[in-house]
Amino acid sequence: MKIFTTKNEVSQYLHQLKSAGKTVGFVPTMGALHQGHLSLLAQAQQQASVVVCSIFVNPTQFNDPKDLDKYPRPIEADIQKLEQAGCDVLFNPAVTEMYADNENWHLDIGELEHLLEGKFRPGHYQGVMQVVHKLFDIVKPDLAFFGQKDYQQVMVISRMISLLGLPVKLVMCPIEREADGLAMSSRNIHLTADDRLHSLVLSKALIQAKTGFDGGEALTNIQQQAADLISHEPGTQLEYFEIADGETLREANSSSNSIVALVAARVGNTRLIDNVIIR
Ligand code: PAF
């Protein structure tokens, strides 16, 4: 695997490959890689001839400086996992390589930015778009792979791609779960043994919501029952459980073409998100 830390070197290298007719599949990450990331790489390997992964803990998407400080950065283990997975290129820049001082960014994506995660993490998706736009500009991927686990992020990036007319195809890949149902996340390493048990209530509530929907229950009942289940779990603080239209992320109704149940909760000191597509 080739490892680059500068924008110029990685983009020159990829430019040569693209000129030779190769297609580039891109998996942007913040490291602390787990099976979820590796499944994105596997998808990229199936659909593109060269696979590029980036590892960059992006400061502009953290609204809590403590969260940024404690974000795991096991770079040696990550490199080993990427080598084993057969990744072709790693881009691992420093913050100073990616940002000049006092840079500004704003793209109006309407209410999509302010719903759900946006309410609890103001500015988060502007930071995500800022860095993903920069990374797309450097890597110039034909295809970019994002996990469904941050469903709203996929919608946000998709909106940015269409508003700016970026020449990249976005591919959303399914959530990878532990055997007991917990969605894989780099943040799971912060869960204590007790938290780990309590965290299962999230996937349980989502499964209950899907079962209720399949059984013809009303959306408001499903939402209420799931919220109650999580609220009664010790050590767990529910932020939201919403049943949303899969395209707009506004509250779903019976005529929504696609419907997603999305949840965010603090389990101990760790904030977790998860979702399930119920239609
Ligand atoms: O999903 C993530 O890991 C990050 O938000 C991303 C897309 C790599 C941007 O920093």
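Every number for a ligand or one of its atoms is a count from 1 in the order of the listing. For this chain, numbers begin at 1 and follow the sequence in order. We use all heavy atoms of the structure for the numbers below, so side chains are in, but hydrogens, waters and symmetry mates are not.
Contacts of R250 classified as salt bridge (Lys or Arg N to Asp or Glu O under 4.0 Å), with partners at least two apart in sequence or in another chain: E111. Among residues two or more places apart in sequence or in another chain, the salt bridge (Lys or Arg N to Asp or Glu O under 4.0 Å) test is passed with K210 by D214.
Counting atoms of ligand 1 from 1 in the listed order, those under 4.0 Å from a heavy atom of V131 are 9 (C), 10 (O). Those atoms of ligand 1 with a heavy atom of F146 less than 4.0 angstrom away are 7 (C). Which parts of ligand 1 touch T29 is read off a 4.0 Å heavy-atom cut-off, strictly below it: atoms 8 (C).
Rounding to the nearest 0.5 Å places CG of L40 at 11.5 Å from CD of Q148.
If you check which protein heavy atom lies closest to atom 9 (C) of ligand 1, you get Q61 OE1, 3.3 Å. Of the protein's non-hydrogen atoms, the one nearest atom 1 (O) of ligand 1 is Q153 NE2, 2.8 Å.
For F145 and F26, the ring centers sit 6.0 Å or farther from each other.
Between F62 and Y71, the ring planes are perpendicular. Angles over 60° get that label, and only those under 30° would be called parallel.
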